[in-house]
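Structure record follows, encoded as structure tokens.
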Amino acid sequence: MENSTQESHLLPNNTLVTYDSPYPLYAMSFSLSSAGISRRSSDQIIAVGSFIEEYNNRIDILTFDEQTLTQNLSFPHPYPPTKLMFQPSASSPPILASSADFLRLYSFKNDSIELVSKLNNSKSSDFCAPLTSFDWNDVVPQRIGTSSIDTTCTIWDIEKCVVETQLIAHDKEVYDIAWGEAGVFASVSADGSVRIFDLRDKEHSTIVYESPEPDTPLLRLAWNKQDLRYMATTLMDSNKVVILDIRSPTMPVAEFERHQASVNAVAWAPHSGRHICSVGDDSQALIWELPTVASPNGIDPLSMYNAGSEINQLQWSAAQPEWISIAFSNKLQLLRV
Amino acid sequence: MDEVNLRDGGELSNELPSSSPSLASGFFPRQLAFRPYVFSQESSNKSKALRVVVRRPLVAKLTKHIVETYQECNPDFKYTDELNLKRFLTSPSDGVFNDGHDNATSDLILSVNYALVNSHTQRRYVVKDILGHGTFGQVAKCWVPDTNSFVAVKIIKNQPAYYQQAWVEVSILTTLNKKLDPEDKHHIVRIHDYFVFQRHLCISFELLDTNLYELIKLNNFKGLSLSIVQLFSKQILRGLGLMKDAGIIHCDLKPENILLCTSMKPAEIKIIDFGSACMEDKTVYSYIQSRYYRSPEVLLGYQYTTAIDMWSFGCIVAELFLGLPLFPGASEFDLLRRMIRILGGQPPDYLLKDAKSTNKFFKFVGSVDHVDAGHDSMGGRSAYQALSEEEYEAREKKKPMIGKEYFNYMNLEGIVVAYPYKKNLPEEDIIKERQVRLALIDFLRGLVEFDPAKRWSPFQALKHPFVTGEPFTSPYIPVSETPHVPVSTVSQNFKVDHHPGGGHWFAAGLSPHVSGRTVSMHASPHIQIQPYAQSSSYGSLGSHNSYNDGNMLGSSYGSYGDNFNTFTYFSPGCQSTMNVHTQGGKAMVGNSPDTRWKIYHRPQGPHGLGVSPSAGNFAPFPLGISPSQFTPPSSFTQNSGSPGHYSAASPARGNCQGSPLGKGIAVSNFNRRKSWGHSGNMQSQEGTSTAHCQGQLSGGLCFSQGEGNTQSQVPGGPLHIPINSNMSSWKPPSGSSNISTDNSFSHMPISGLHGSSLQFSQIKRPVDEKLDVTALPDPGDWDPNYSDELLLQEDSSDVSSITSAFGKVVNIDQATTSPQTFGFGTYSHDSNAVSNATWRPSGPAQAFSKPDMNSPPAHNLPLGYGRSMLRAPQYMSQLSPTSLSRLGQPPTQRTNHGRSSVTYGNEGIHMRPHHNSYSYDPGYPHNSMPWGMHKLDPDISSSSKFVFPHM
């Protein structure tokens, strides 16, 4: 941080901005607004987490003013965060959550940041079941769901700091979770399934997809907030982006296979129900449109971007949908679309 | 990196600085940072090059490998999955018994990834999910690390009754799988392993797919296409044939217990859940079968045989076509009422006379004499009348539950014909389907046949045009049952037919066939008679079972014999039956030929009785049940052996039902049956059958038995032969019947002929050689009327004898040669006509035919053996059904078994005895009892249904 370079590469037409960090980056999140962090409402706030294989990692808060990316805060975090996320609804002050060994909530105050809570659902002080991901419910802001390798998903009430419920969601580790509506979430697991849960009926879940090779882990899941019929998931060591329609379980509506290496992250367009971006180890970021008809030769993406090295992370700004951020190596890059 | 980025970025930006097109409707990525997609082999290579460095994506490091990653970050980081919450699959999941391993219902508490271990082999079964549960316990889908495959493991409750019953299932399935069907060609679920874990018996089965009920449900309860119905029917029949040969009664056949196999191109199904199964000679429980699929004899508390599975099978076939159960009875009263309305008619008097629960559903309106005379239908009026709702309510003090009417009060023909055709079917296809539907109706008529003795056996049903796909031109008349030959082959039976009489004889076994034949047995002749029979055709059914036993005895044939007998018996008994018998008889016996013919000749009258003659002999045997009867003995044997076998199977649904009991095991024996060959005879009948039947019945029976006929009888035999000719025709069904009947008569030869039926079977085979049977003649025997009952009554003994005879016969068959000796009687009366004379003696007397039925008695004598059969035969007929019991002839029966063998032995035939036993039931009084086991089990089945857990 102190050494963090604040280079910003302003390209013609301001279509691409790069931020170089002193360490490799993984977790990343756009805030919905800059209120409480930046004085200019047009600024965008981005939180980015380091991936350092040491206990001490860092979270940096960057400000993007349409021209440059500037770090204005940095604080330590134990272990590399598996996910960072700003509260999805406007709040003041803004709250940032992180998942790693526990779920942590940070609040911004006066240009500084403070740990508000550390939510731990572990029954043992000797052992810890790391959280692989979490998602903040955008309808019920006090509700966060976490996924863990202990096969469960835990639903927290972060205002009361209590566990609303804990579900044994899968038969193996749970790797990602995503809310659909207030009481409905989906999760993916090492058991190769995508399951949908409804908090009103915790005894049952619906399997909407199972990976073709038994037990091929599903690592990431993205629910289309513009059109809740669709969700996307990725398989471990697979170049496919699998698009599911929850109305037709088990049969994907589309499989995008133009990446030439494994897909690492996917993000639905925040302003279009038919577009999704994916990034992978082939250094590419691809933007796709859901096909209306099946194509015998597979589906081509609409456009592509090559970052030059494996892209690990991807976020699409909900506040300013013309910006997509990607993380590769120790760089964070904003791409205008 | 920066350079790279710049370069890339620069290129991009340069190329598409300007705004990009955007869809009117909304978002479209502009050519800013991104550029249009172009497949780039270059980039592809590049990325591969980059990949040279083995890199684990961060997303994998923070998911799949997060524990390693965090331990790298912090050596003190510790994670263990032992603290993970368990996803319980068992409910309730609180440990109550067995040191906390079991819940309050004694089920082992399972959770995902719980490992069941076979302590002997150390093989592990990792529980992944619950497939279902029932009164017996649970069925879990397990992953086997050793084989990297999934299986269905039935985990039995930790309670003695369930534990014991499950061993029966293991024993039965092991027998069916390993001994009888090593190549897995009979559509019966495979049992892979079994072991005790935490005091729970665990049985591992192959993992199957959805069941037929679920399949129909998926089809929105619309019927499946006729080609699928035909395909499934054939497969189920192969399984039922194997079970019949083994003398194993499933006792809970229903769509839920027939599962699709996983990923088979051509749809393949398997029969599961042998948790309620029993050996035919150890029918302990009376409350069996799921209600919709419950057979009349079980509903009424009569002895039962493998024929009850054929009833259930008929219900299933109808349901596959209709999408709805044929008899969705809301109560047993409602069930019976639906049967009577849809099928027309009612259970035969011989059955009503001895069934334990007849009074619950029927009132007696005839005279005792009438009943004794064995008249039944066909013309005659039944001595029993079904209670109306009001009468039932008055008796039971409560209104009977009546279910919804789905078929608009139509009869079977109306229901099938009026069932909606698939939409948009071309006219030509409609015409084609219309024909197939007619075949289906004829097929169903042979399966959902009130008289267990006339109901077709699996082997007979397999030859039906609906199953074979041959054009359906006229009502199918099965060959007499003869035994199927051993397991598989019915063919043998057929052979029998060949013999002279072939088919006709069936029953008869009597027909002594030609003398020569050893076997002769069969009086078959009678059978022929049958002609009528229409029903007859089916008739046979029952028989089979019996036979088996017989076989046992006889060994080779044994089986057949039994069956045949059975049939035979039946026939006699009931008219219908008779027919059947007849047919059967034919088959069996080999007599067929003779029989038939004779029968015809005789038919009517005389014969019937054929039995008579034999009767004497038989007596012993039970004719009644023919099949059964025989069986017994054999059964025993077999059984014994078998024992272990049963298995449970049915993983899935489980059902299990009930059954704790274990029913018998015996099973094994049955198999043997095969031998029969007779069957063939039976067939012949068919055609005839009908005719026969009647005739036969009447007289019919007699038979053949043939005894010794056979050989000697031969005479008869010869005669028969002619007749036989027909035989061929027949096939199955009849045969049996006939035989039986006839048998009685005659034959005695040993035993009897009667035994005929059995004999036949046996004979037949042999028969063929011998056939003789002849006897059959008496159609009368067959006569439906004559019914077994008569026989039964008469002498049970006779029956027995007969049975025995059969048994012997059976043996004979096998032995054939030797047997011949037995030859039983065959002859049968009627047959007489034929040569018979010999036999027949009685035969005529018998008269059976219906009338006579009883008569039989006479015969017996002769032979000694047996049982003469005769009557027995008749009985048998009835018996057929179960045979045993019925026939029961009490005396006989039991005896039979034991004796049977013996007897035969003596005679050479041993078998016979057995036969008898079984068979008879029918008529005979006793009988029933003997077996009687039934009981309880009630619906186990029902209970069984599993519940599915999540997902």
(request) Give, as side chain, backbone, both or neither, the part of A/Leu334 having an atom under 4.5 angstrom from any heavy atom of chain B. (result) neither
(request) Give, as side chain, backbone, both or neither, the part of A/Glu173 having an atom under 4.5 angstrom from any heavy atom of chain B. (result) neither
(message) With a 4.5 angstrom heavy-atom cut-off, is it the side chain or the backbone of A/Leu25 that approaches chain B, or both, or neither?
(response) backbone
(request) Would you mind checking which part of A/Phe51 comes under 4.5 Å of any heavy atom in chain B, side chain (CB onward), backbone (N, CA, C, O), both or neither? (result) side chain
(request) Measure distances from A/Gln166 to the heavy atoms of chain B and classify the residue's part below 4.5 Å as side chain, backbone, both or neither. (result) side chain
(message) Between the side chains of B/Lys128 and A/Asp171, is the shortest nitrogen-to-carboxylate-oxygen separation below 4.0 Å, so that they form an ion pair?
(response) no
(message) Report which part of A/Pro81 has an atom under 4.5 Å of a heavy atom belonging to chain B: side chain, backbone, both, or neither.
(response) backbone
(message) Which atoms of B/Leu85 are under 4.5 Å from chain A, going by heavy atoms: the side chain, the backbone, both sets, or neither?
(response) both
(message) Using every non-hydrogen atom in the two residues, find where B/Tyr79 and A/Asp150 come nearest and quote the distance to one decimal.
(response) OH-CA, 3.6 Å
(message) Check this for me: B/Gln122, atom CD, are more than 12 non-hydrogen atoms of other residues, nucleotides or ligands nearer than 6.0 Å?
(response) yes
(message) Over 60° means perpendicular and under 30° means parallel, so tell me whether B/Tyr70 and A/Tyr79 are parallel, tilted or perpendicular.
(response) parallel
(request) Quick one: which of A/Thr152, A/Asp126, A/Thr151 has the most heavy-atom pairs under 4.5 Å with chain B, could you say? (result) A/Asp126
(message) Heavy-atom pairs under 4.5 Å with chain B - which of A/His259, A/His271, A/Arg220 has more of them than the others?
(response) A/His271
(request) Evaluate the side chain to side chain contact (heavy atoms under 4.5 Å, CB included) criterion for residues B/Leu62 and A/Tyr175: first the C-alpha distance (whole Å), next the side-chain angles of each, then the deciding distance (0.1 Å), finally the verdict. (result) CA-CA 9 Å; B/Leu62 289 175; A/Tyr175 291 146; over 6 Å; no
(request) Measure distances from B/Lys86 to the heavy atoms of chain A and classify the residue's part below 4.5 Å as side chain, backbone, both or neither. (result) backbone
(message) With a 4.5 angstrom heavy-atom cut-off, is it the side chain or the backbone of A/Ala129 that approaches chain B, or both, or neither?
(response) both
(message) Between A/Asp191, A/Ile287, A/Ile324, A/Asp101, who has the most heavy-atom pairs with chain B when the cutoff is under 4.5 Å?
(response) A/Ile287
(request) Quickly, which of B/Ile66, B/Asn84, B/Asp81 forms a side-chain contact (heavy atoms from CB on, under 4.5 Å) with A/Ile149? Name it, please. (result) B/Ile66
(message) Given heavy-atom pairs under 4.5 angstrom as the criterion, report whether the side chain, backbone, both or neither of B/Leu58 touches chain A.
(response) both
(message) Between A/Pro80 and chain B, with a heavy-atom cut-off of 4.5 Å, which part of the residue counts as in contact: side chain, backbone, both or neither?
(response) both
(request) Could you tell me which portion of A/Ala100 (side chain, backbone, both or neither) has an atom closer than 4.5 angstrom to a non-hydrogen atom of chain B? (result) both
(request) Among A/Cys277, A/Ala285, A/Pro217, A/Pro130, single out the residue with the greatest number of heavy-atom pairs under 4.5 Å to chain B. (result) A/Pro130
